[in-house]
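Below you'll find the structure, written out as structure tokens, and then a few comments.
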Amino acid sequence: MPELPEVETFVRILGEGYPDNPSIVGREVVDARVLWARTLAMPDPGTFQSRIVGQRIERIGRRGKFLRLSLSQDELLIHLRMSGDLLVEPSDSPLAVHHRLILELDDGRRLAFNDTRKFGRVWLTDDPQQVLGELGPEPLDPNFTGQDFYQALHSRRRQLKPLLLDQHFIAGLGNIYSDEALHRSKLHPLHQSDQLSESQSRDLLDSIRIVLKEGIRRNGTSIDWVYRGGDFQNYLRAYGRTGLPCPTCGTPIVRLIVGQRSTHVCPNCQPAPD
DNA sequence: ACGAGCGCCTGTCGGC
DNA sequence: TGCCGACAGGCGCTCG
């Protein structure tokens, strides 16, 4: 589920808190419960429990779609995958069915990782680079330039859409925001990466940044029962709009499969490559 | 190097 | 009503 804007929204919510549910920064972990063992990528549940208890949450950040909680000694990395969710709730509230991992805090609240489909993963490590090291550049990093992007696109020969979804190539895009960025830049998802001109590359990077920033501004995208609180779903131009008119030209949006993933294009604005 | 196929999971929805 | 397949914000693995 969550892509960069949704994870960024969690960073803000957990880091700043909100009325009646203040920030978890500064809190100490006083207990941990692993309810679905495979949620833990590392270490094993026993080690995890003994190692995390007593550590304080010092900082909250993000790298790609990974949420990073800097603790006193270690770093806790959380990847929500398709259906992961994070809740801060009173420690005495009943356990929801899909809670997979619980951190009890020193103020009577708990941080709960809830994950219906069990794809989400959590790492506790003193070497986060071991997990994050292979990630591509952050799309919103101002040091990442249009020229860098052009060269990266030309260093491979890939279909655009699977390339944008490849976290080694660029970190943070998922199915929604890649469809939105391609639609905005009028590029077809099957376009070969090394066929883009410099100006098309620049446009694509601009579009990626625009859709990510708008997603962040609107607190992410909420669809069905997955992810709460965002409203970017009301502003999507291509994703999930099969048969509905393209906001630019009115042509019905078409759904196709690219790289095994549902993909949404305007056949008029995004002409298929030869 | 690249793309397809599949596994991992649970839940919802639409068709028959 | 019940059953069954398709599908879902991700990603890692195999195999050509």
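In what follows, chains are A, B, ... by sequence order, proteins preceding strands, each numbered from 1.
- Here the side chain of A/Q73 pairs no donor or acceptor atom with the backbone of A/Q55 at under 3.5 angstrom.
- The salt bridge (charged side-chain N to carboxylate O under 4.0 Å, His left out) check on A/R110 picks up A/E89, with sequence neighbours excluded.
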What protein N or O atoms touch nucleotides 14-16 of chain C N or O atoms at under 3.5 angstrom, if any, and at what distances?
none

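- Taking atom CE of A/M82 as the reference point, atom C1' of B/dG7 lies 13 Å away to the nearest angstrom.
- Taking atom CD1 on A/I176 and atom C1' on C/dA8, their separation rounds to 10 Å, with Å as the unit.
- The closest side-chain donor-acceptor pair between A/D194 and A/H154, if any, does not fall under 3.5 angstrom.
- At the heavy-atom level, A/R121 lies nowhere under 4.0 Å from the strands shown.
- A heavy-atom distance below 4.5 Å is not found between the side chains of A/V30 and A/L105.
- Residue A/H79 places at least one side-chain N or O under 4.0 Å from the OP1 or OP2 atom of C/dC11.
- Between the side chains of A/S91 and A/E104, at least one donor N or O sits under 3.5 Å from an acceptor N or O.
- Crowding of A/R59 atom CZ: a count of heavy atoms from other residues, nucleotides or ligands under 6.0 Å not exceeding 12.
- The closest side-chain donor-acceptor pair between A/R121 and A/T39, if any, does not fall under 3.5 angstrom.
- In this entry the distance linking CZ of A/R81 with P of C/dC13 reads 10 Å, nearest Å.
- A/L256 has its CG atom 17 Å from the C1' atom of C/dA6, to the nearest Å.
- Each of A/R12, A/E8, A/E6 was scored for a side-chain hydrogen bond (donor to acceptor under 3.5 Å, both in side chains) with A/N219, with one residue passing: A/R12.
- Between the side chains of A/N234 and A/R218, no donor-acceptor pair of N or O atoms lies under 3.5 Å.
- Taking the six-membered ring for Trp and thresholds of 30 and 60 degrees, A/F232 and A/Y235 have nearly parallel ring planes, at less than 30 degrees apart.
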Starting at the 5' end of nucleotides 10-15 of chain B, put B wherever the base has a protein heavy atom under 4.0 Å, S where only the sugar-phosphate does, and a dash everywhere else. BS----
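- Listed by chain and residue number, A/D106, A/D107 satisfy the salt bridge (charged side-chain N to carboxylate O under 4.0 Å, His left out) test with A/R27 (two or more places apart in sequence, or in another chain).
- Although no hydrogens or angles enter the test, the distance criterion places a donor-acceptor pair under 3.5 Å between the side chain of A/R209 and the main chain of A/P139.
- Across the P atoms, B/dC6 and C/dG5 are found 15 Å apart, a figure rounded to whole Å.
- With its glycosidic angle within 90° of 0, C/dG9 adopts the syn conformation.
- Counting heavy atoms from C-beta outward, A/R184 and A/D206 have side chains that stay 4.5 Å or more apart.
- Atom OH in A/Y177 sits about 15 Å away from atom C1' in C/dG10, given to the nearest Å.
- Listed by residue number, the members of residues 158-168 of chain A with any heavy atom below 4.0 angstrom from DNA chain C are A/Q167.
- Defined by atom type and a distance below 3.5 Å, a donor-acceptor pair is present between the side-chain atoms of A/H264 and A/D179.
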Based on Watson-Crick and G-U pairs with both distances under 3.5 Å, what dot-bracket line describes DNA chain B 5' to 3', crossing pairs as [ ] and inter-strand pairs as |? .|||||||.|||||||
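- Taking 3.5 Å as the limit, the base of B/dG5 and the side chain of A/Q260 contain a donor-acceptor pair of atoms between them.
- Classification of the A/H79-A/F66 ring pair by plane angle, with boundaries at 30° and 60°, yields perpendicular.
- Side-chain nitrogen and oxygen atoms of A/S83 include none within less than 4.0 Å of the OP1 or OP2 phosphate oxygen of C/dA8.
- The phosphate of C/dG9 (OP1 or OP2) has no side-chain N or O of A/K65 nearer than 4.0 angstrom.
- Comparing the same atom, P, in B/dG5 and in C/dA6 gives a spacing of 14 Å after rounding to whole Å.
- B/dC8 has its base stacked against the ring of A/F119, the centroids being under 5.5 angstrom apart at an interplanar angle below 30°.
- Atom P of nucleotide C/dA6 and atom CZ of A/R255 are separated by 12 Å, given to the nearest angstrom.
- Taking atom CZ on A/R38 and atom P on B/dC9, their separation rounds to 4 Å, with Å as the unit.
- The distance from atom CG of A/L80 to atom C1' of B/dC9 is 16 Å, rounded to the nearest whole Å.
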